[in-house]
Amino acid sequence: MASPAVLRPLPPQPPPPSSSSTDLRAHRRATIRGLDSCASMTELRQYHSQIVRLGLAADNDAVGRLLKFCALSPSGDLAYALRLFSHLPRPDPFVFNTLFRAQPASAPRSALLYSDMLQRPVHPNEFTFPSLLQSIAADRELGLGRQVHAHVLKLGFGADGYSGNNLLHMYLSCGLLAEAHSLLDAMPHRDVVSWTTMISGLSQSGLLDDARKLFDEMPERNSVSWNAMIAGYVQGGRFKEASKLFDQMQAEGVELDRYVAASMLSACTGLGALEQGQWIHRYIERSGIELDSKLATTIIDMYCKCGCLEKAYEVFSGLSRKGLSSWNCMIGGFAMHGRGEEAIKLFKEMEKEGVMPDDITLLNVLSACAHARLVHEGRHYFEYMVQAYHIEPRMEHFGCMVDLLGRAGLLEEAKKIIDEMPMEPDAGVLGALLGACKIHGNVELGEQIGRRVIELDPQNSGRYVLLANLFASAGRWEDVANVRRLMNDRGVNKEPGCSVIERNGVVSEFIAGGRSHPQAKEIYAKVDEMMERIRAEGYVPDTGGVLHDTDEKNKDHSLYYHSEKLAIAFGLLHTKSGETIRISKNLRVCRDCHAASKIMSRVFDREIIVRDRNRFHHFKGGECSCRDYW
DNA sequence: CACCGAGCGG
């Protein structure tokens, strides 16, 4: 009854045996042309048999087109392409060049194919080297790259811009910056791609300032070049410079495309700049930039990490097709806001929709449990991930469990996880236990773990401070001094606390005790007023976290001017009453700021949202969303 | 018969 679904018209059928040779030629042309609009392997097989029947099995023109579809189309079939290739008696350069472009490529395989090409011999043309060099660059096979470079010159393609730019890319990927520079100087036809390749290569080698110098000097720029530089800053964590360059790009009237939009969303995420991020999001909607699952996830991540879970969820639930990364991102969003139940609910929804979770999904679920004190659930999912999905816990999963158990006060159980895990715990895992020891005042275990952590990761200032704080809480001032001395001897500096707040799209930065802000005087006066107000409401400075063994009054004052309090003062000065104050900071919220922020949210009737290194705190009506569990 | 297919930077 039901006929099979025919999605596309069938290719032209063979001509009747009586037809003339003119008809045959026309038919042959039509078949070859039709191939260029082929959409599926099923259809391709029909064309293939057609071509064989027409006696074109050895025809590079016809088989080359078949091979192009099999090798390059997302609905193609690489194995089929290789079979076609092996049955071609005299493949031409086009056939070889097409195979170089096929994914997944690898440098050794491309090299093998290239030497096959040379032995036959089939002569490489200018289209041969770009794709060959791509796979060599991706695998950083410098030795092969140098040999191919020699061939490019010997075979007379030294002046070809595409080959030159790809050689440049290859040297940059292999980290040979000097070679890249001299190649660029020697290139006869430097173009915007050559410069952009250099900028991106230097950025990826961490030489952002060199890249910027080149960027400023290059004769011509397009949106790809701007994005190379902006993305470089973002990758290097230099979000403010990314944002400044973006403003310059806008001023010069360069088109904001999806790539620049994605880079800028990441910059906003890094800065916690909600308004700017929202502007980019609206721009994407207005300009009709296609919202693929990757870009959507970038937007969701921006909203999550800028403290706006509701907007994140709105975008998430509006997606018609949710990719794994979107689910992961949203679950992670609930986790970092301490909304563990909702994270778990979303995970169950994901399972119900038949989406297969991965190790990141489960990491986010465990992290959600850790931030919400869901010890029971955390234990469950730690077992469940292996049983249900055969996902073996990695280092990070163990770290999450140590964090979950340790923070809940189950130090012995956390220690047991570390002792029994199949790999050597890294500084992150041990650091989680150290943090738990600090919270629960277990100096003996903390000291033992702390010393191990510091030796594993001697440049990380946070762990020294944690250990020193632990000693301080036990009144062991001599050990505090020893830790400080160790830091000094090793040249490790305490990372200064830094908070940022955005107002009218402008990001202001405050450093603890810093006075470089133009309105410093006003802000400090506001802090004093704030602290006075909350003291009257029962706030008592918590000097437990202050290391200096000085008198209490000095300690109070160093607490007053923590970056977070400066940022809140700025927020109170510059926002309308009732408006939410959003702050992002580089370190974790200290106990004193946490207590003060709670009272301030009540006294000034403001919602204060703080993103710290680990998670979010929503202060409202005298309470914090973390329920003092962080 | 001769034509052509196609390669780079985010």
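Here is the naming used below: chain letters follow the sequence lines, and residue numbers restart at 1 for every chain.
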Enquirer: Return no unless some side-chain N or O of Q235(A) is found under 4.0 Å from OP1 or OP2 of dG10(B).
Expert: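 False: Q235(A) side-chain N/O out of range (4.0 Å or more) of dG10(B) OP1/OP2.
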Enquirer: Any donor-acceptor pair under 3.5 Å linking the side-chain atoms of Q134(A) with those of N166(A)?
Expert: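 On atom types as modelled, these side chains qualify, holding a pair under 3.5 Å.
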Enquirer: Looking at the side chain of F127(A), which of dC4(B), dG9(B), dG7(B) is the nearest nucleotide?
Expert: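 Of all the options, the side chain of F127(A) is nearest to dG7(B).
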Enquirer: Could you tell me the separation between the CG atom of L35(A) and the P atom of dA6(B), rounded to a whole number of Å?
Expert: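 It is 13 Å, rounded to the nearest whole Å.
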Enquirer: Give S263(A) one of three labels, base, sugar-phosphate or nothing, depending on what nucleic acid heavy atoms sit under 4.0 Å from its own.
Expert: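 Nothing, no heavy atom under 4.0 Å.
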Enquirer: Which whole-number value in Å describes the distance from M170(A) CE to dC8(B) C1'?
Expert: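 Rounded to whole Å, this separation is 14 Å.
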Enquirer: Choosing from dC8(B), dG10(B), dG5(B), which nucleotide comes nearest the side chain of K68(A)?
Expert: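 Nearest to the side-chain atoms of K68(A), counting from C-beta on, is dG5(B).
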Enquirer: Could you tell me whether S200(A) contacts a base, only the sugar-phosphate backbone, or nothing, with contacts defined as non-hydrogen atoms closer than 4.0 Å?
Expert: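 If one applies the 4.0 Å heavy-atom cut-off, S200(A) turns out to touch the sugar-phosphate alone, with no base involved.
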Enquirer: Can you identify which nucleotide, out of dA6(B), dG10(B), dG5(B), has its nearest atom closest to the D92(A) side chain?
Expert: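 Among the listed nucleotides, the one closest to the side chain of D92(A) is dG5(B).
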Enquirer: With heavy-atom distances below 4.5 Å as the criterion, would you say the side chains of L167(A) and M170(A) are in contact?
Expert: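 They are in contact (side-chain heavy atoms under 4.5 Å apart), so the answer is yes.
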Enquirer: For S75(A) and S40(A), does a side-chain donor sit closer than 3.5 Å to a side-chain acceptor?
Expert: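 Judged by distance alone, the side chains do not pair up.
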Enquirer: Considering only dG5(B), dC8(B), dA6(B), which nucleotide approaches the side chain of N97(A) most closely?
Expert: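 Looking only at heavy atoms from C-beta outward on N97(A), the closest nucleotide is dA6(B).
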Enquirer: Please pick, from dC3(B), dG10(B), dG7(B), the nucleotide with the shortest atom-to-atom distance to any side-chain atom of D160(A).
Expert: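 Output: dG7(B).
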Enquirer: Quick check for you: among dG10(B), dG5(B), dA6(B), whose closest atom lies nearest to any side-chain atom of N125(A)?
Expert: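 Nearest to the side chain of N125(A) among the choices is dA6(B).
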Enquirer: Looking across every strand, which nucleic acid part, if any, lies under 4.0 Å from D36(A) by heavy atom: base, sugar-phosphate, or nothing?
Expert: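 D36(A): no heavy atom of the nucleic acid under 4.0 Å.
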Enquirer: Which part of the nucleic acid, if any, lies within reach of R101(A) when heavy atoms closer than 4.0 Å are counted: base, sugar-phosphate only, or nothing?
Expert: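 The answer is sugar-phosphate, as R101(A) gets under 4.0 Å only of primed atoms, P, OP1 or OP2.
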Enquirer: Could you check which of dG9(B), dA6(B), dG7(B) has an atom nearest any side-chain atom of Y162(A)?
Expert: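 Minimum distance to the Y162(A) side chain belongs to dG7(B).
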Enquirer: How close do V63(A) and A57(A) get, heavy atom to heavy atom, and via which atoms?
Expert: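 Result for this residue pair: CG2-O, 3.5 Å.
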Enquirer: The side chain of N222(A) lies closest to which of these nucleotides: dC3(B), dG9(B), dG10(B)?
Expert: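 Closest nucleotide to the N222(A) side chain: dG9(B).
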Enquirer: Without decimals, in angstroms, what is the distance between R33(A) CZ and dA2(B) P?
Expert: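 Rounding to the nearest Å, CZ of R33(A) and P of dA2(B) are 20 Å apart.
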Enquirer: Checking N328(A) against S325(A): is there a side-chain donor and acceptor pair closer than 3.5 Å?
Expert: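 On atom types as modelled, these side chains do not qualify, holding no pair under 3.5 Å.
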Enquirer: Can you measure Q204(A) atom CD to dG9(B) atom C1' for me and round it to whole angstrom units?
Expert: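 After rounding, the gap between these two atoms is 10 Å.
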Enquirer: Can you check whether W195(A) stacks with the dG9(B) base, using ring centres under 5.5 Å and planes within 30°?
Expert: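 It does not: the two rings, one from W195(A) and one from dG9(B), miss the stacking criterion.
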Enquirer: Quick one: label E126(A) by what it contacts on the DNA or RNA (base, sugar-phosphate, nothing), any heavy atom closer than 4.0 Å.
Expert: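 Answer is base: heavy atoms of E126(A) come under 4.0 Å of a base.
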Enquirer: With respect to the side chain of D191(A), which nucleotide from dG9(B), dG10(B), dC8(B) is positioned closest?
Expert: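 Closest nucleotide to the D191(A) side chain: dC8(B).
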Enquirer: Under 30°, 30 to 60°, or over 60°: which ring-plane class applies to Y313(A) and F316(A), parallel, tilted or perpendicular?
Expert: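 Tilted, since the angle between the ring planes falls between 30° and 60°.
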Enquirer: As a test of reading the structure: which of dG10(B), dG5(B), dG7(B) is closest to the side chain of V224(A), going by heavy atoms?
Expert: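 Side chain of V224(A) sits closest to dG10(B).
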Enquirer: Base, sugar-phosphate or nothing for T197(A)? Non-hydrogen atoms, less than 4.0 Å.
Expert: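 Touches sugar-phosphate only.
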